[in-house]
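Notes follow the structure.
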Amino acid sequence: MSSLRLLASAARRATTHVAYARRGYAEISDKLKLSLALPHKAIFSSQDVVQVNIPAESGDMGILSSHVPSIEPLRPGVVEVVEDSGSQKWFVSGGFATVHPNNRLTINVVEAAPLEDFSIEAIRANLQEANKVAAGSGSEADKMEAQIEAEVYEALQHALAK
């Protein structure tokens, strides 16, 4: 029994003399570094932004700093870039968004244009034409291409209606 008490007493003394180290945390940035690239040019190149809203295939997403890393396919829709000075909206035809560690977001798209560059009247006319071709008696390739055009015009029309 006395040896057990001796061990217990030694264990209590040993734990009282252990110095606990404080854990340090990395600094958390409230900004996200955005790169938005087309095949022929970069719209944003590692620019600090507050938030980016994307039209992911799984649904619309808002991405802030410290977002979990992920890869999201994009459907035709609006990418909204929120900065301290305001926001910019870009219509994209599709692509991929990659959220990297360390607050970096890369968006690669085939086509993108500022939302204000579009005319609702032109979109309606082009949508009607695309629907006509898709429902017509042309080749299967022409019909499929017209169906894709119609989907993009519908997404663009919806984006401008907001």
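In this structure, NE2 on His67 lies 15.5 Å from CZ on Arg104, to the nearest 0.5 angstrom. In this structure, CG on Asn131 lies 7.0 Å from CD on Gln147, to the nearest 0.5 angstrom. Interatomic distance, Asp30 CG to Asp84 CG, rounded to the nearest 0.5 Å: 8.0 Å. With values rounded to the nearest 0.5 angstrom, Gln88 atom CD is found 8.0 Å from Glu116 atom CD. Here CD of Glu111 is found 9.0 Å from CG of Leu38. Values are rounded to the nearest 0.5 Å. Taking CG of Leu36 as the reference point, atom CZ of Phe44 lies at 6.5 Å (rounded to 0.5 Å).
Leu127 places a side-chain heavy atom less than 4.5 Å from the side chain of Gln157. Residues Val81 and Leu34 form a side-chain contact, since some pair of their non-hydrogen atoms from C-beta on lies under 4.5 Å apart. You'll find the side chain of Glu80 reaches within 4.5 Å of the side chain of Val82, heavy atoms only. Using a 4.5 Å heavy-atom cutoff, the side chains of Leu32 and Asp48 are not in contact. Contact check for Glu72 versus Ser58: side-chain heavy atoms found under the 4.5 Å cut-off. Using a 4.5 Å heavy-atom cutoff, the side chains of Gln47 and Glu83 are in contact. Using a 4.5 Å heavy-atom threshold, the side chains of Trp90 and Leu115 count as separate. By the 4.5 Å heavy-atom criterion applied to side chains, Phe91 and Pro114 are not counted as neighbours.
Val109 and Val78 end up in different hydrophobic clusters when Ile, Leu, Val, Met, Phe, Trp and Tyr side chains are linked at under 4.5 Å. With hydrophobic clusters built from ILVMFWY side chains whose heavy atoms lie under 4.5 angstrom apart, Val152 does not share a cluster with Val110. Grouping the Ile, Leu, Val, Met, Phe, Trp and Tyr side chains by contacts below 4.5 angstrom, directly or via other members, places Leu105 with Ile43. Tracing side-chain contacts under 4.5 Å through hydrophobic residues (I, L, V, M, F, W, Y), one reaches Val92 starting from Val99; they form part of the same cluster.
Atom CZ of Phe118 has more than 12 heavy atoms from other residues, nucleotides or ligands within 6.0 Å. Other residues, nucleotides and ligands contribute more than 12 heavy atoms inside 6.0 Å of the NE2 atom of His100. Around CD of Glu145, the count of heavy atoms belonging to other residues, nucleotides or ligands within 6.0 Å does not exceed 12. Crowding of Asp117 atom CG: a count of heavy atoms from other residues, nucleotides or ligands under 6.0 Å exceeding 12.
Contact between Pro55 and Asp60 at its shortest, heavy atoms only, is CA-OD1, 3.6 Å. The heavy-atom pair separating Ile107 from Ala97 by the smallest distance is CG1-CB, 4.1 Å. Taking both residues in full, the closest heavy atoms of Met61 and Ala56 are given as SD-CB, 3.9 Å, listed atom of the first, atom of the second, then distance. Between Ala150 and Ala130 the shortest heavy-atom distance is N-CB, 3.9 Å. What you find for Ser35 and Ser46 is that their closest heavy atoms are OG-N, 3.1 Å. Considering every non-hydrogen atom in both Val133 and Ala146, the closest pair reads CG1-CB, 3.6 Å.
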Chi angles and distances behind the side chain to side chain contact (heavy atoms under 4.5 Å, CB included) call for Val79, Asn53:
CA-CA 6 Å; Val79 170; Asn53 300 320; over 6 Å; no
Margin query: For a side chain to side chain contact (heavy atoms under 4.5 Å, CB included) check, start with the C-alpha distance between Phe96 and Ile71, then their side-chain angles and the critical distance, and finish with the verdict.
Written below: CA-CA 7 Å; Phe96 287 90; Ile71 299 173; 4.3 Å; yes
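In summary, of the residues considered (Asn103, Leu64, Val50), a side-chain contact (heavy atoms from CB on, under 4.5 Å) with Lys31 occurs for Val50 alone.
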